Number of protein chains: 2
Amino acid sequence: MLEFYSGKMSDFQSMFDYFNRFQSLSPASQEAIVNICSSVKIPKNKDLQSIGHTCKTIYFVQNGLARIYYYKDGNDITESFAFENSLIARVESLFTGKPSKKGIQVLEDAEFIGIPSTSLFELYDLHHDIERLFRKIFEAAYVDTVNRIESLQFHSAEERYRSLLLESPSILKRVPLKHISSYLGITQVSLSRIRAQI
Amino acid sequence: MLEFYSGKMSDFQSMFDYFNRFQSLSPASQEAIVNICSSVKIPKNKDLQSIGHTCKTIYFVQNGLARIYYYKDGNDITESFAFENSLIARVESLFTGKPSKKGIQVLEDAEFIGIPSTSLFELYDLHHDIERLFRKIFEAAYVDTVNRIESLQFHSAEERYRSLLLESPSILKRVPLKHISSYLGITQVSLSRIRAQI
DNA sequence: CTGATTTTTTAACATTTGTAAAAGGATTGC
DNA sequence: GCAATCCTTTTACAAATGTTAAAAAATCAG
């Protein structure tokens, strides 16, 4: 049993390192999380979660890269990216229980740890530190989102592009520009013009 | 003591009604919250919280109306509005502990219930249901913010204006258009043009 | 390697939004 | 009530971004 879990724990070490930055967990809580998690490998360009289904799993990106996307008037819009060592979930579905009109697509061959939300929320009753951990994680995500509103509300497209490059210098090498442009709230053509100016 | 708290409870009834929509609270937890809260009355146009200070209080709006604002290149930008029976706080400061570059201004004579965040966070250790309540409140606020990003990312200014009127039909009577325009991410002039077309 | 496909850029033109200034309305304080 | 101030609209012009189409560049599959 020890070996079994120590094996799993080493698979999941990067996730627990990430968790520990928010909230330390008791060994029992860590074990409880390990017991509900599973690994998922998805190749490039495949969907990890498809549009129309209700979000029932939170994923930790072990390596690779994914995006949340949806269609607006037939156009493919990227809502957000998730690089390795971060969480990804369609929260507007996760927290409302309604089907999501968004999907998660893998942009580089990727490995995820899937955390089933129903099981996780049950653990909240048994392990206070797990509820606290995810409270803090989503508070931080909330703050990021508020800051992004500010960016979309009153920064020019060029300012937003420059900021993105500062935040994620590797993004140009890893993500097609068409996804970057919709993430910034502009067209591909417009982004191409901005890049030509710089 | 009973009378004292029942008096306070009736003052705070609207807030607990609001809380109960997210999570029911034990009597002990309700009393604990009442004990840290205080009432604040602020007249129109005054600041409830000023720019530059760290957010240490979450407010419940009992009546009246307020907005979170900041300056970008000397222009006054409205980040959000809070009507009666809702919470308002500068979360990017509340959750990071950093000074906020945003302020809270009262747009109609208003009464607030102030919940000091340090005391509240201490209650999280004593009353699990209080932590759970605020977890759920901020999860819901997070979902609203994600939806607002979608609106800013790919709805036209006219679409955003029409949506706002649907969500808050009374807003035109209660909020100057200059604040509505910056909330929508456009100039006053642009909003005026959109209104002229309709 | 090569043809097919996808991605990115460029061009021309249309539309939206911003900027600055002025005028008209509404509100406020004395 | 009146002057002062603030809010909203209008106008004219400038700048940014969208739309469509086509060409160029990069990537992919066999």
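Every chain is numbered from 1 and lettered A, B, ... according to where its sequence line falls, protein lines coming before strand lines. Remember, it's a predicted structure, so these values are computed and weren't measured experimentally.
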Quiz item: Can you check whether A:Phe12 reaches A:Ser39 side chain to side chain, under 4.5 Å on heavy atoms?
Solution: yes
Exercise. Verify the contact: side-chain N or O of B:Thr187 to OP1 or OP2 of C:dT17, cut-off strictly under 4.0 Å; return yes or no.
Key: no
Practice problem: Take atom CG of A:Asp73 and atom P of D:dT19, then tell me their distance rounded to the nearest Å. | Solution: 9 Å
Exercise. Check the distance between D:dG18's P and B:Glu159's CD and give it to me in whole angstrom.
Key: 13 Å
Quiz item: Has A:Lys72 got more than 12 heavy atoms of other residues, nucleotides or ligands less than 6.0 Å from its NZ?
Solution: yes
Self-check item: Distance, rounded to the nearest Å, where A:Asp76 contributes CG and C:dT6 contributes P
Solution: 14 Å
Practice problem: Quickly work out the B:Gln188 CD to D:dC6 C1' distance and round it to whole Å. | Solution: 10 Å
Exercise. Please state how far atom CZ in B:Phe154 lies from atom C1' in C:dT16, giving the value in whole angstrom units.
Key: 15 Å
Practice problem: Verify whether one side chain among A:Arg67 and A:Gln105 offers a donor that lies under 3.5 Å from an acceptor in the other. | Solution: yes
Practice problem: Quickly work out the A:Ile186 CD1 to D:dA15 C1' distance and round it to whole Å. | Solution: 15 Å
Quiz item: Within less than 4.0 Å of OP1 or OP2 of D:dC28, is there a side-chain N or O belonging to A:Lys44?
Solution: yes
Practice problem: Report which part of the nucleic acid B:Ser192 touches: base, sugar-phosphate, or nothing (heavy-atom distance under 4.0 Å, all strands). | Solution: base
Quiz item: For residues A:Glu150 and A:His155, is any side-chain donor paired with an opposing acceptor at under 3.5 Å?
Solution: no
Practice problem: Tell me which of A:Ala157 and A:Val189 sits closer to the 5' end of DNA chain D, going by the nucleotide each one is nearest to. | Solution: A:Ala157
Quiz prompt | Rounded distance in Å - NZ (A:Lys178) to P (D:dT19) | solution = 17 Å
Quiz item: Is A:Arg195 near enough to C:dT8 that one of its side-chain N or O atoms lies under 4.0 angstrom from OP1 or OP2?
Solution: no
Practice problem: Provide, to the nearest angstrom, the distance between the CD atom belonging to B:Glu158 and the C1' atom belonging to C:dT17. | Solution: 13 Å
